[in-house]
Structures are given as structure tokens and as C-alpha cells.
Peer 1: 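I'd like to ask some things about the structure below.
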Number of protein chains: 2
Amino acid sequence: MSNIFKPYQASADLFKILAHPARLTILSILRDGEQCVCHIEAMLKLRQAYISQHLKVLKDAGIVSVRRDGWNMYYHITCPEVFVVIDTMFALSGHPEPIPHAHSNANCPCPKCHPEAGLPVSRQVIHSSE
Amino acid sequence: MSNIFKPYQASADLFKILAHPARLTILSILRDGEQCVCHIEAMLKLRQAYISQHLKVLKDAGIVSVRRDGWNMYYHITCPEVFVVIDTMFALSGHPEPIPHAHSNANCPCPKCHPEAGLPVSRQVIHSSE
DNA sequence: TGAATATATTCGACATTCCGAATATGATTA
DNA sequence: TAATCATATTCGGAATGTCGAATATATTCA
């Protein structure tokens with residue numbers, strides 16, 4: 001492509017990665033520590049494959065990495081600097097400060113959130129919150 | 001779309017605007033003051049219509065505004081806060097500080113750069129720089 | 001080994017963006 | 001008014017992104 005664009009190509013590419021609300025939401029969930037896919041799934045109530053696709057984009061961009069633990073894949077942030085960009089943009093678009101990620105352990109079936117951690121999610125008892 | 005994304009939609013939209021090297025380059029030119037389209041054209045050596053298309057995107061997003069002066073349209077930044085985001089991203093992608101925009105007046109035929117300002121560009125004498 | 005589980009990949013339809021070519025618009029000068 | 005000038009818009013094809021459905025993979029348990 002045009003040679004003039006060269007210095008801004010990398011920035012533009014990274015902006016493109018951030019230009020999707022699903023990915024921004026996923027990053028906000030990973031922000032305060034690693035989470036497995038099923039946790040993200042439970043939080044966002046979105047299809048697993050859909051989340052996996054976005055996680056792949058983030059991973060290919062070097063923003064997150066994965067660690068396997070038994071059945072589960074735990075994703076974590078490897079480039080926390082992106083949050084400086086994201087927070088600035090978030091403030092710019094009307095939000096004074098980042099939204100804290102509410103870990104609603106009660107409704108999340110993943111082994112990290114659930115008391116009976118380690119059991120297959122399908123065998124865990126979901127505690128109704130009332 | 002999904003309700004969960006709502007808080008991040010505006011941020012994602014703005015990221016999308018910034019996710020193009022041509023637009024980042026144009027913004028860097030406008031950074032230190034308004035410029036007419038033909039100045040941008042001369043700096044980037046790109047087709048006029050192409051630049052106009054990107055300027056429209058930036059204008060629709062509320063990042064720049066236009067002022068007419070005779071034949072020329074002068075664009076200027078109306079949302080300088082975006083540079084906080086851009087600079088942060090630029091630093092993140094390997095550049096310690098923003099690239100200063102070199103106004104090479106000698107080669108730019110626009111009325112703002114040229115000594116015989118006010119004449120149609122086509123009638124101006126381009127001073128070779130040697 | 002085979003079934004169950006969490007997650008990943010592939011495929012395809014659809015939407016959007018990119019960008020060149022051609023043309024239109026609106027201001028200015030003769 | 002007609003020609004000229006800077007800039008804008010429209011159109012269309014190619015490339016890319018989105019996202020659902022189906023399927024594949026790797027791990028663990030029985």
C-alpha cells in the first residue's frame with residue numbers, strides 16, 4: 001500500500017481489533033484476572049463459538065493469551081496497555097470511568113466461580129439467587 | 001443488537017473511524033491547524049476524491065469541521081481529545097511520540113502555503129526546492 | 001476404549017468497507 | 001453567462017468483516 005501510511009499502519013490495525021463492542025466487552029471481563037470461556041459465555045449469554053471467534057482475534061493480535069487447565073481454557077490479558085487506550089476512548093464517548101466487571105458467581109457455572117469447582121459444568125448445581 | 005454491548009457501542013464506532021491509516025495521517029496533518037483539501041492532497045500525493053471520502057467519514061463522526069474560503073475548503077479538528085487516544089495507541093505500537101507534521105511549503109501549491117496565496121493553484125508557479 | 005465435556009475451526013451467507021472512475025456541485029473570474 | 005477551479009458525490013467491484021450452523025479437537029472420566 002501507500003508508503004505514507006506506514007507509520008500509522010500498526011495503530012490502525014490495532015484500532016480495528018478494538019472496533020467491536022463484543023471484543024471490548026470480553027476485554028473488560030478479562031481485565032481483573034484470567035477467566036475461562038464458559039465464564040465469559042455465562043456473563044454475556046452469547047454463543048460459545050461466537051465468543052471463541054472473538055477470542056481468536058484478540059489472541060492473534062497479541063492482546064490475550066491462553067492457558068489450559070483440564071477441560072477449561074483460561075484467557076488472560078498479555079497487553080494491559082490497551083486499557084489505557086480503551087479507557088481514554090470510553091471516557092471520550094461519554095463514560096467518566098470504566099465499568100467494573102461484576103463477577104456474579106451465583107449464576108456462573110464455570111469452575112472458577114462455582115463452589116464445587118473442578119466438576120464438569122453440566123453436573124454442577126446452579127444455585128438460584130433467591 | 002445485543003443489549004450487553006450497549007455501553008461499548010459508541011467506543012467501538014469511534015475506534016472504527018480511527019482504524020484506517022489514511023484517516024490517521026489526515027488527522028496528523030490537521031493537528032496543528034486547519035488545512036485545505038489541496039494541501040492534504042499535496043502532502044499525501046493521493047487522489048483528491050479519495051481524500052474527500054475520508055474527510056467525509058471524519059466529518060460525519062464529528063471529529064473535523066469545514067469552513068469555506070473562496071475556492072477552498074479548510075478542514076479543522078473539532079474534537080482534539082481524539083489525539084489522546086491516537087497518541088496513546090501510537091506509543092503502544094512502537095512510536096515513542098507523535099510524528100510532527102512537516103509543512104513543506106515549498107512543494108505545496110495550496111494558497112495557505114504558497115507565497116502567491118489567493119491565486120488559483122493552477123496558475124501558481126511551483127518553486128523547485130533546489 | 002468410548003462417552004462426555006469445553007473449546008476451536010470451518011463454511012457460507014450477508015453486510016460493510018475500501019477505493020478507483022466518472023461525474024456533479026458550488027464558488028469565482030472573465 | 002460561460003469557463004475554470006476546488007471539492008464533493010455517486011457508482012460499482014473487490015476485499016474484508018460479521019455471525020450463525022455445523023463440525024472438529026483435545027481432555028477427562030468411566
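Letters A, B, ... are given to chains in the order of the sequence lines, protein chains preceding strands, and every chain is numbered from 1. Since this is a predicted model, take the numbers as computed values, not measurements.
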Peer 1: Report the distance from atom OH of A:Tyr74 to atom C1' of C:dA6, rounded to the nearest whole Å.
Peer 2: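 My rounded result for the distance is 11 Å.
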Peer 1: Taking the side chain from B:Arg23 and the backbone from B:Leu58, do they hold a donor-acceptor pair closer than 3.5 Å?
Peer 2: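 Side chain of B:Arg23 to backbone of B:Leu58: no pair is present.
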Peer 1: With rounding to the nearest 0.5 Å, note down the distance linking NE2 in B:His39 to CG in B:Leu30.
Peer 2: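 Rounded to the nearest 0.5 Å, the NE2-CG separation comes to 8.5 Å.
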Peer 1: Rounded to whole angstroms, how far apart are CG on A:Leu46 and P on D:dC19?
Peer 2: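 Those two atoms, CG and P, are 10 Å apart.
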Peer 1: I'd like to know if B:Gln53 reaches the base of D:dA8 with its side chain, counting only an N/O donor and acceptor under 3.5 Å.
Peer 2: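 Between D:dA8 and B:Gln53, which were checked side chain against base, a qualifying N/O pair under 3.5 Å is absent.
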Peer 1: Report the distance from atom NZ of A:Lys59 to atom P of C:dT7, rounded to the nearest whole Å.
Peer 2: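 Checked: the NZ to P distance equals 13 Å.
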Peer 1: Quick one, A:Ser93 and B:Phe15 - any side-chain contact, counting heavy atoms below 4.5 Å?
Peer 2: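 When only atoms from C-beta onward are counted, B:Phe15 and A:Ser93 do not touch, as no gap falls below 4.5 Å.
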Peer 1: What is the separation between atom CG on A:Leu58 and atom P on D:dT18, rounded to the nearest whole Å?
Peer 2: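 Nearest whole value for this atom pair: 11 Å.
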Peer 1: Both A:Tyr50 and A:Arg68 contact DNA chain D. Taking the nearest nucleotide for each, which residue is further toward the 5' end?
Peer 2: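 Residue closer to the 5' terminus by nearest nucleotide: A:Tyr50.
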Peer 1: Round to the nearest Å and state the distance from B:Leu44 atom CG to C:dC19 atom P.
Peer 2: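 After rounding, the reported distance stands at 13 Å.
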Peer 1: For the pair made of CZ in B:Arg67 and C1' in D:dA6, what is the distance, rounded to whole Å?
Peer 2: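 So the two atoms are 14 Å apart, to the nearest Å.
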Peer 1: Please compare B:Asp69 and A:Glu41 by the position of their nearest nucleotide in DNA chain C and report the one closer to 5'.
Peer 2: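 Closest to the 5' end, via its nearest nucleotide, is A:Glu41.
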Peer 1: Would you mind telling me which of C:dT7, D:dT27, C:dT9 lies closest to the side-chain atoms of A:Cys38?
Peer 2: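 Among the listed nucleotides, the one closest to the side chain of A:Cys38 is C:dT7.
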Peer 1: Atom CZ of A:Phe15 and atom P of C:dT17: how far apart are they, to the nearest Å?
Peer 2: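 The answer, rounded to whole Å, is 17 Å.
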Peer 1: Does A:Thr25 offer a backbone N or O that forms a donor-acceptor pair with the side chain of A:Ser28 under 3.5 Å?
Peer 2: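 The answer is yes, because a donor-acceptor pair under 3.5 Å joins these two groups.
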Peer 1: Would you mind telling me which of D:dA8, C:dT9, D:dT27 lies closest to the side-chain atoms of B:Met73?
Peer 2: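 For B:Met73, the side-chain atoms sit closest to D:dA8.
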Peer 1: Tell me whether the side-chain N or O atoms of A:Trp71 pair up with the base of D:dT28 as donor and acceptor below 3.5 Å, since no angle test is needed here.
Peer 2: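 Side chain to base: no pair below 3.5 Å.
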Peer 1: Do the non-hydrogen side-chain atoms of B:Ile40 and B:Leu55 ever get within less than 4.5 Å of each other?
Peer 2: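 Yes. Closest side-chain heavy atoms under 4.5 Å.
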Peer 1: Compare side-chain N and O positions of A:Asn72 against OP1 and OP2 of C:dT5 and report whether any pair is under 4.0 Å apart.
Peer 2: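 The answer is no; no side-chain N or O of A:Asn72 sits under 4.0 Å from OP1 or OP2.
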Peer 1: Using a cut-off of 4.0 Å on non-hydrogen atoms, how would the nucleic acid contact of B:Arg47 be classed: base, sugar-phosphate, or nothing?
Peer 2: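 Base contact - B:Arg47 has a heavy atom under 4.0 Å of at least one base atom.
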Peer 1: When you measure from the side chain of B:Arg68 to the backbone N and O of B:Gly70, does any donor-acceptor pair fall under 3.5 Å?
Peer 2: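 At least one qualifying donor-acceptor pair exists.
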Peer 1: Think B:Tyr75 has a side-chain N or O under 4.0 angstrom from the OP1 or OP2 of D:dA8?
Peer 2: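 For D:dA8, OP1 or OP2 has a side-chain N or O of B:Tyr75 closer than 4.0 Å.
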Peer 1: Going through the checks in order, is the side chain to side chain contact (heavy atoms under 4.5 Å, CB included) test met by B:Ile26 and B:Leu44?
Peer 2: CA-CA 8 Å; B:Ile26 289 172; B:Leu44 300 186; 4.0 Å; yes
Peer 1: Return the 5'-most residue of the pair B:Gln48, B:His54 with respect to DNA chain C, ranking by each residue's nearest nucleotide.
Peer 2: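 That would be B:His54.
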Peer 1: With a 4.0 Å heavy-atom cut-off, tell me which residues in residues 18-29 of chain B come close to DNA chain C, sorted by residue number.
Peer 2: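 Residues of residues 18-29 of chain B that come under 4.0 Å of DNA chain C are, in numerical order, B:His20, B:Arg23.
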Peer 1: Scan for salt bridge (charged side-chain N to carboxylate O under 4.0 Å, His left out) pairs involving residues 26-45 of chain B, sequence neighbours excluded, and state none if there are none.
Peer 2: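 Qualifying pairs: B:Arg31-B:Asp87, B:Glu34-B:Arg67.
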Peer 1: Could you state the CD1-P distance from B:Ile51 to D:dT9, rounded to the nearest angstrom?
Peer 2: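 Value for this atom pair: 15 Å.
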